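Worksheet: the structure to be examined is printed underneath.
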Protein chains: 4
Amino acid sequence: MSQGRNPDRTRRSERSRQAILEATRALVSEVGYGKVAIETIAARAGVGKQTIYRWWPSKGAVIFDAFLALSEGAEGQGAALPDTGDIEVDLKTVMRATVAEFADPEFEKPIRALNNEIANDPDLAAQYREKLARPLDAVKKERLRSAQRAGQLAAGADLDLVLAVLYAPLFQRWLHRSGPLTAEYADSLVDVTLRAFRP
Amino acid sequence: MSQGRNPDRTRRSERSRQAILEATRALVSEVGYGKVAIETIAARAGVGKQTIYRWWPSKGAVIFDAFLALSEGAEGQGAALPDTGDIEVDLKTVMRATVAEFADPEFEKPIRALNNEIANDPDLAAQYREKLARPLDAVKKERLRSAQRAGQLAAGADLDLVLAVLYAPLFQRWLHRSGPLTAEYADSLVDVTLRAFRP
Amino acid sequence: MSQGRNPDRTRRSERSRQAILEATRALVSEVGYGKVAIETIAARAGVGKQTIYRWWPSKGAVIFDAFLALSEGAEGQGAALPDTGDIEVDLKTVMRATVAEFADPEFEKPIRALNNEIANDPDLAAQYREKLARPLDAVKKERLRSAQRAGQLAAGADLDLVLAVLYAPLFQRWLHRSGPLTAEYADSLVDVTLRAFRP
Amino acid sequence: MSQGRNPDRTRRSERSRQAILEATRALVSEVGYGKVAIETIAARAGVGKQTIYRWWPSKGAVIFDAFLALSEGAEGQGAALPDTGDIEVDLKTVMRATVAEFADPEFEKPIRALNNEIANDPDLAAQYREKLARPLDAVKKERLRSAQRAGQLAAGADLDLVLAVLYAPLFQRWLHRSGPLTAEYADSLVDVTLRAFRP
DNA sequence: ATATAAGCGAGACGGTACGTCCTGTCTTTTG
DNA sequence: CAAAAGACAGGACGTACCGTCTCGCTTATAT
């Protein structure tokens with residue numbers, strides 16, 4: 001199906017849309033989720049408030065979109081996980097990177113903001129799963145399937161469960177600040193997972 | 001938060017304190033976390049706003065206290081986990097109960113509210129860990145240690161990690177609504193965990 | 001405002017013009033002057049907002065035109081005042097009719113709206129005087145001149161002043177609601193005027 | 001029974017009330033009635049918007065109060081009209097002063113604003129009549145009664161009607177800008193009135 | 001037993017932000 | 001190719017709460 005120009009007949013201003021998302025990103029990073037006001041976004045974006053309310057149902061939706069849009073390009077490029085042939089090595093590489101990302105104070109506020117929206121709005125959660133989580137998981141599962149083929153992972157393993165065991169503890173530790181996010185922790189999660197799902 | 005050791009120290013009105021916590025619980029259940037206003041709590045509790053501000057630093061702290069107080073009794077009573085001698089059976093019992101609790105629509109809003117506070121306020125997160133999570137974890141670890149002694153669990157297993165692998169996937173699925181909370185899911189988490197940490 | 005002498009000059013849509021004026025009249029009657037919005041007029045008239053802005057400089061001008069247009073026909077027809085030969089009788093007839101008109105709740109809102117525009121916009125006031133007040137006054141003065149010729153009114157009387165004494169008290173009483181608008185009041189104004197200007 | 005402290009003691013801030021009225025007066029004079037915004041009044045007065053909405057039902061009421069308050073002192077002092085014994089001389093003095101006042105461009109905007117409110121809000125009109133118009137009329141009627149006693153005015157004259165004939169034409173000329181406000185016009189109104197109501 | 005001071009209910013205050021409405025301009029689409 | 005449809009930046013509306021600040025009143029020591 002040809003991509004083409006957008007045949008949809010909305011008269012929506014792309015310029016304003018971009019300005020709003022950009023201003024939102026900037027403000028969330030600067031003052032944190034709770035203190036971002038629609039009025040401030042509008043002012044910063046040089047946009048009338050109505051233009052925001054016309055296209056988004058809530059502040060949460062704007063913030064969500066702002067960061068969703070940000071990640072939409074990345075996902076296409078970093079399409080595949082490393083595959084050295086050794087699943088343990090590769091997972092540790094990936095998990096350590098994830099740990100580092102979470103630990104980066106720069107991303108702290110935006111990620112918490114995004115998470116907040118997801119946790120409190122079922123609609124946004126659904127969007128998140130479909131547009132962000134699922135594609136990212138697909139990439140990871142691809143690598144896991146490769147490991148299954150290589151006999152490094154149980155053939156019958158439920159890959160969603162594998163991912164949950166791998167990532168959920170890390171996520172929870174970050175969310176509740178219940179412990180330090182270290183490379184060691186990343187490694188031990190990989191170890192546990194591989195032990196649980198070895199052939 | 002909940003008052004100090006010496007109750008004679010202050011002239012704080014216990015009646016007002018209870019009314020505030022009770023009103024807060026009711027309001028969170030009725031309208032959800034985001035829409036609870038201090039003014040509404042005060043009105044519902046028949047209390048001046050200042051009485052709230054005098055004793056709690058933020059709305060989050062009130063909500064947090066409201067539910068912390070609720071759980072404070074429970075923890076003492078249900079002190080120990082079942083111990084039939086079979087760790088798999090016992091964990092499945094406990095996990096299924098947890099799943100049921102999360103799935104209960106009645107507790108949906110309060111637990112999300114509480115989680116919200118924890119995720120966004122490091123101070124409350126610390127309190128949560130110390131007053132709620134740690135005691136509950138201690139009880140579970142006790143049962144795990146019993147399993148270690150019985151040779152059903154690796155002797156050297158990091159029990160915090162065991163609990164993380166057991167509970168975090170469930171928590172994340174609930175938080176992000178990424179799947180149904182079923183007894184089957186509970187069971188598979190127990191299976192995975194025991195496989196990862198068998199002697 | 002109402003269109004120029006040469007109708008071929010512009011490509012203005014007469015259909016739209018009529019629809020706008022009609023919608024304006026309806027809305028003023030329904031919700032009163034203060035609450036009539038250009039957007040509502042446009043919607044009701046099935047017209048783009050721009051079509052209103054293209055031809056009128058302000059909301060006041062539209063409202064003014066709407067009622068000016070309404071009176072434009074009437075003035076030509078009811079060209080002359082009754083002339084029974086007795087100025088007192090005739091003036092009382094006319095004044096009682098005026099009182100009745102003002103007292104009609106149906107015309108309350110439109111007349112107040114029109115007056116509002118006149119009182120607050122010098123340009124509209126000038127138009128009003130020229131297009132509405134002057135012609136109407138001319139008709140009345142004609143009758144007064146007839147009375148002068150009949151020796152019922154001082155020959156040198158300033159007819160503008162006569163009309164002012166006759167009508168201004170009535171107008172003010174209506175505008176400020178400072179008293180009831182009755183036939184008796186109409187009569188006493190005629191009596192006073194004739195006393196002041198008898199030959 | 002001792003009077004004591006004021007029992008209907010509201011907690012209303014007199015300071016804020018004054019600041020609001022003062023700011024309103026200033027703004028009406030500066031930008032005219034139509035462009036005064038509640039938000040601007042609040043900002044100028046250093047007051048929260050709610051403090052205005054708490055005590056006044058509408059913008060009109062604030063503006064009305066602002067100018068009512070202004071006139072409240074004056075009325076007590078300038079209690080009596082001049083009484084030289086010659087009603088014609090005294091009325092001309094007073095009417096010329098009134099004409100001068102209306103002609104003063106300084107008072108143009110406030111008086112028009114006040115009139116606007118009265119013309120469009122029956123409640124404010126009632127207040128106006130009672131608090132401003134009636135007391136002022138009472139003073140004038142006192143002088144007219146003195147003239148009746150001196151045989152310069154018909155004993156049975158309806159004094160309200162006398163005042164209407166005297167003032168209404170002037171008021172209407174000012175409101176609709178239908179002619180210049182001159183001393184000559186003032187004089188001729190006095191002449192007409194005295195002719196109509198001579199003994 | 002009495003003053004005295006803290007805590008209390010109440011609620012006004014200066015503010016910030018909300019979400020809606022309308023203005024007057026500009027752009028796109030349609031008949 | 002004119003006009004409807006309607007998006008846009010801007011800004012005021014009136015409401016809801018924030019967190020602070022008196023008010024009088026009650027109550028519970030600490031003289």
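Order of the sequence lines sets the chain letters (A, B, ...), proteins ahead of strands, with each chain counted from 1. Predicted model only: the values in this text are computed from it and were never measured.
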Between C:Lys35 and D:Gly46, the residue closer to the 5' end of DNA chain E by nearest nucleotide is D:Gly46
Taking the nucleotide of DNA chain E with the closest heavy atom to each, which residue, B:Ala43 or C:Ala37, is nearer the 5' end?
B:Ala43
Nearest-nucleotide 5' precedence on DNA chain F, C:Gly48 against B:Ser58
C:Gly48
Side chain of [X] - closest among [options]:
X: D:Arg12; options: E:dT25, E:dC13, E:dA6; result: E:dC13
X: D:Glu39; options: F:dG6, F:dC17, F:dC13; result: F:dC13
X: A:Val47; options: E:dA17, F:dA9, F:dT27; result: F:dA9
X: D:Tyr53; options: F:dC13, E:dT28, F:dT22; result: F:dC13
X: D:Thr51; options: F:dG6, E:dA5, E:dG14; result: E:dG14

Starting at atom [atom1] of [X], determine the distance to atom [atom2] of [N], rounded to an integer number of angstrom.
X: D:Ile38; N: F:dG11; atom1: CD1; atom2: P; answer: 18 Å
X: B:Arg17; N: E:dG9; atom1: CZ; atom2: P; answer: 14 Å
X: C:Leu27; N: E:dC21; atom1: CG; atom2: P; answer: 16 Å
X: B:Ile20; N: E:dA10; atom1: CD1; atom2: C1'; answer: 14 Å
X: B:Arg44; N: E:dG9; atom1: CZ; atom2: P; answer: 16 Å
X: D:Trp56; N: F:dG14; atom1: CH2; atom2: P; answer: 15 Å
X: B:Arg11; N: F:dC25; atom1: CZ; atom2: C1'; answer: 14 Å
X: B:Ile41; N: F:dG19; atom1: CD1; atom2: C1'; answer: 14 Å

For the helix from E:dA1-F:dT31 to E:dG31-F:dC1, how many degrees between its two end axes (five pairs per end), to the nearest 10°?
20°
So, is [X] near the phosphate of [N], with a side-chain N or O under 4.0 Å from OP1 or OP2?
X: D:Arg54; N: E:dC13; result: yes
X: A:Ser16; N: F:dA9; result: yes
X: A:Trp55; N: F:dC8; result: yes

If the threshold is 4.0 Å, N to carboxylate O, is there a salt bridge linking [X] and [Y]?
X: A:Glu39; Y: A:Lys59; answer: no
X: A:Glu22; Y: A:Arg17; answer: no
X: B:Glu106; Y: B:Arg25; answer: no
X: D:Glu117; Y: D:Arg112; answer: no

Take atom CZ of A:Arg54 as the centre, draw a 6.0 Å sphere, and report whether it contains more than 12 heavy atoms from other residues, nucleotides or ligands.
yes
Side-chain donor/acceptor of B:Arg177 to backbone N/O of A:Ile118, under 3.5 Å
no
When you measure from the side chain of C:Asn120 to the backbone N and O of C:Asn116, does any donor-acceptor pair fall under 3.5 Å?
yes
Looking only at N and O atoms, is any donor in the side chain of A:Gln50 or the base of E:dC21 less than 3.5 Å from an acceptor on the other one?
yes
Whether the side chain of D:Lys49 and the base of F:dG14 hold a donor-acceptor pair under 3.5 Å is what I'd like checked.
yes
Hey, does the Lys NZ or Arg CZ of D:Arg11 hover above the aromatic six-ring of D:Trp55, less than 6.0 Å from the centre and inside 45° of the axis?
no
